[in-house]
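These notes are about the structure you will find just below.
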2 protein chains.
Amino acid sequence: MLTISQLARYAGVTVRAVRHYHQIGLLPEPERDRSGYRTYDAAAVVRLIRIHTLAEAGVPLARVQDLLDAAPDEFVRGVEEIDAALRAEVRRLQATRRRLTRLAAGEHLALPASVVEYLDRVRGLGVDERYVEMERDAWIMVAAQVPEQIDAIMAKKHLELDDPDLQRLYLMLSDVLDWQVDDPRVVELADLFEKLMIRAVEAGEITGNWPDEGFVDLLDATTVESSPVAERLLAILQERGWRGWTQIERVPEERVARGTP
Amino acid sequence: MLTISQLARYAGVTVRAVRHYHQIGLLPEPERDRSGYRTYDAAAVVRLIRIHTLAEAGVPLARVQDLLDAAPDEFVRGVEEIDAALRAEVRRLQATRRRLTRLAAGEHLALPASVVEYLDRVRGLGVDERYVEMERDAWIMVAAQVPEQIDAIMAKKHLELDDPDLQRLYLMLSDVLDWQVDDPRVVELADLFEKLMIRAVEAGEITGNWPDEGFVDLLDATTVESSPVAERLLAILQERGWRGWTQIERVPEERVARGTP
DNA sequence: GTCGAGGGTTGACGCAGGGTCAGGGTCAAG
DNA sequence: CTTGACCCTGACCCTGCGTCAACCCTCGAC
């Protein structure tokens with residue numbers, strides 16, 4: 001006859017685990033000796049080893065219960081199911097690993113490689129690091145919304161960046177962070193913005209295909225929060241009938257009159 | 001400005017999770033509007049996405065905290081560490097999967113393939129299924145004690161099983177389950193047992209190399225519990241100076257006189 | 001006999017990462 | 001004014017045990 005710690009040792013589990021299995025009815029309570037100690041026989045060792053084997057395999061204890069008392073074919077079906085779940089889990093972990101290594105290699109958290117690449121190019125233009133970080137935050141949000149489109153979007157952005165006007169725009173935006181609110185260059189900047197947006201509209205480019213109306217405003221807000229100049233710039237553009245810089249779109253007349261809500 | 005559910009949606013988490021992150025200080029509590037609602041800005045979305053990315057990768061929330069506020073190189077080191085943990089976890093799961101599939105394919109729970117094979121051969125001799133199950137339970141225990149030796153042990157058993165005397169022994173043991181306690185054949189069985197054990201001792205075979213004294217007795221007990229005949233058989237063998245059938249060994253005189261404690 | 005060490009017993013709380021009520025207040029639309 | 005969709009806090013629930021606490025039992029040494 002065995003004590004609980006001997007039983008536990010033979011089965012390779014802790015005493016606490018054994019008592020837990022008793023508590024949830026997975027292992028039947030054995031006889032007690034006259035002083036209240038549990039006394040186990042060899043059959044208990046065998047059952048406990050089986051429980052441990054399944055539990056270690058990641059089978060929830062609730063299912064271990066059923067499996068152990070199941071007919072062989074039922075058991076096989078159960079195990080197959082569990083195996084499928086394990087396989088899925090392995091795949092999930094490996095996908096996570098791929099993302100993580102890209103994280104560690106790349107810019108910073110939560111950015112696909114394509115975006116990191118794009119940001120590197122922007123930085124290469126001589127754009128201020130603070131601006132790059134703002135732009136990065138915006139892309140983090142975009143990547144979270146439409147993860148499967150992000151690479152295509154970045155490819156398009158790369159093409160757009162060949163335009164010297166856009167490059168000039170980036171450099172000005174980078175500068176904005178050090179301007180005063182009433183800097184006259186803001187109007188100049190708005191002009192440049194508008195020129196590029198008009199060109200885009202004429203080329204038939206309709207940006208964005210967002211899953212959510214408010215998301216566009218949120219993206220605009222990301223940058224606006226950073227500086228009063230950005231706020232003024234957005235106001236000017238909206239006065240001229242544009243929605244913002246995220247979605248290149250003319251806003252219906254009444255909305256302009258009221259201001260974007 | 002965003003409500004908590006909008007924030008949660010943009011970051012791909014649940015509202016409850018956001019509140020949980022507030023509670024543990026992972027995401028700072030934002031301003032409230034006049035009715036007590038939390039109001040978030042775009043920066044919160046970015047931080048939440050980062051938290052979610054790490055958390056999904058299996059990083060404990062406590063470490064997410066440190067990582068997010070860490071310097072880039074510290075961050076990279078942390079991520080590498082996490083990646084190593086993930087890799088280990090994947091390997092563990094895959095090992096479990098291999099064991100599980102063997103479980104489903106083979107005899108029953110917690111048995112290595114080599115044992116299943118051996119049991120199949122024993123069954124093929126015409127041994128009663130009930131006896132095979134007892135034998136199986138004993139091997140489950142052995143495999144749990146010395147997992148890395150089990151294949152070698154089974155290989156030796158296979159060789160031993162070529163002996164026609166041992167085959168005869170198995171068939172008699174199989175029969176035992178239907179005998180009465182006082183069946184005269186028990187003595188005959190003990191004789192056969194002794195013959196084989198003496199042969200083993202003379203061949204210099206010392207069975208077992210168990211990590212534990214009591215384990216041998218436990219194994220003997222497994223079978224004894226199944227039938228009174230087995231109990232009687234063990235008693236006879238012990239009277240003749242043997243320890244049992246698990247460990248082939250003569251017991252010192254005084255122990256015989258007192259009976260095995 | 002008694003002492004301490006090293007078993008055993010039950011009961012309860014704690015952990016991570018939230019899910020899921022309950023019981024209320026708010027907001028926008030019809 | 002009602003309705004439905006949100007928001008708030010607080011509290012309990014889940015897994016699979018680890019880790020006290022407070023107490024009892026047994027055994028060998030003295």
Side-chain angles (χ1 to χ4, degrees), chain A residues 1-27 29-40 44 48 50-68 82 85-86 89 92-93 96 212-214 261, chain B residues 1-27 29-40 44 48 50-68 82 85 89 92 96 212-214 261:
Chain A
M1 282 304 169
L2 307 170
T3 68
I4 196 169
S5 62
Q6 290 172 316
L7 169 74
R9 209 169 32 247
Y10 286 140
V13 305
T14 66
V15 169
R16 181 62 179 89
V18 174
R19 287 205 265 252
H20 183 63
Y21 297 156
H22 284 319
Q23 221 175 338
I24 62 176
L26 198 43
L27 191 64
E29 281 277 2
E31 301 288 297
R32 307 291 184 114
D33 67 10
R34 69 195 172 294
S35 57
Y37 289 16
R38 293 177 179 84
T39 56
Y40 299 91
L48 185 50
R50 288 179 164 170
I51 291 170
H52 181 215
T53 307
L54 284 178
E56 215 187 4
V59 181
L61 295 187
R63 294 211 52 197
V64 169
Q65 181 89 294
D66 307 339
L67 276 183
L68 284 183
I82 290 157
L86 282 182
E89 177 69 5
R92 205 185 61 80
L93 286 184
T96 309
D212 184 315
E213 254 302 297
Chain B
M1 283 302 173
L2 306 170
T3 68
I4 196 169
S5 63
Q6 290 172 316
L7 169 74
R9 209 169 31 249
Y10 286 140
V13 305
T14 65
V15 169
R16 179 63 175 89
V18 174
R19 288 204 267 249
H20 184 61
Y21 298 154
H22 284 319
Q23 220 175 335
I24 63 178
L26 198 43
L27 190 65
E29 282 276 2
E31 300 289 297
R32 308 289 184 116
D33 66 12
R34 70 193 173 292
S35 57
Y37 289 16
R38 292 175 179 86
T39 54
Y40 299 92
L48 185 52
R50 288 178 163 168
I51 291 170
H52 181 217
T53 306
L54 285 177
E56 214 187 6
V59 181
L61 295 187
R63 295 210 50 198
V64 169
Q65 183 88 293
D66 307 339
L67 276 183
L68 284 183
I82 290 158
E89 176 69 5
R92 206 186 61 79
T96 310
D212 183 316
E213 255 302 297

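Since this is a predicted model, take the numbers as computed values, not measurements. Residue numbers begin at 1 in each chain, while the letters A, B, ... track the order of the sequences. Heavy-atom basis, side chains included; hydrogens, waters and symmetry copies ignored.
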Chi angles and distances behind the side-chain contact (heavy atoms from CB on, under 4.5 Å) call for Leu48(A), Tyr40(A):
CA-CA 11 Å; Leu48(A) 185 50; Tyr40(A) 299 91; over 6 Å; no
CG of Leu27(B) versus C1' of dG17(C): gap in Å, rounded?
15 Å
Note: Ala44(B) and Leu7(B) closest approach over all heavy atoms is C-CD1, 3.9 Å
At less than 4.0 Å, is any side-chain N or O atom of Arg38(A) found next to OP1 or OP2 of dG7(C)? Yes or no.
no
Answer with base, sugar-phosphate or nothing: what part of the nucleic acid does Arg32(B) contact at a heavy-atom distance below 4.0 Å?
sugar-phosphate
Would you tabulate the pairs of protein nitrogen or oxygen atoms and nucleotide nitrogen or oxygen atoms of nucleotides 18-23 of chain C closer than 3.5 angstrom?
unit_1  : atom_1 : unit_2   : atom_2 : d
dG18(C) : OP2    : Tyr21(B) : OH     : 3.0
dG19(C) : OP2    : Thr14(B) : OG1    : 3.0
dG19(C) : N7     : Arg16(B) : NE     : 3.3
dG19(C) : O6     : Arg16(B) : NH2    : 3.0
dT20(C) : O4     : Arg16(B) : NE     : 3.0

How long is the gap from CG on Leu61(A) to NE2 on His20(A), to the nearest 0.5 Å?
5.5 Å
Closest to the 5' end of DNA chain C, once Ile4(A) and Ile24(B) are matched to their nearest nucleotides, is Ile4(A)
Correct closest heavy-atom pair for His22(A) and Glu29(A) would be CB-OE2, 3.6 Å
Out of curiosity, Leu67(B) CG to Thr53(B) OG1, how far, rounded to the nearest 0.5 Å?
12.0 Å
So, taking the atom named CD in Gln65(A) and the one named CG in Leu27(A), what distance separates them when rounded to the nearest 0.5 Å?
10.0 Å
Going from CZ on Arg16(A) to CD on Gln23(A), what distance comes out if it is rounded to the nearest 0.5 angstrom?
6.0 Å
Span of DNA chain D engaged by chain A, first through last nucleotide within the 4.0 Å heavy-atom cut-off, is dG16(D) to dT26(D)
Closest non-hydrogen contact found for Ser5(B) with Val15(B) is CA-CG2, 3.7 Å
Can you tell me the distance, in whole Å, between the CG atom of Asp33(B) and the P atom of dT26(C)?
10 Å
Quick one: on DNA chain D, does Ser35(B) or Tyr37(A) contact a more 5' nucleotide (nearest heavy atom)?
Ser35(B)
Contact class for Arg19(B) (heavy atom, under 4.0 Å): base, sugar-phosphate, or nothing?
base
Could you state the atom-to-atom distance from CD1 of Ile51(B) to C1' of dA16(C) in whole Å?
16 Å
Working to the nearest 0.5 angstrom, can you tell me the gap between Leu54(A) CG and Asp66(A) CG?
11.0 Å
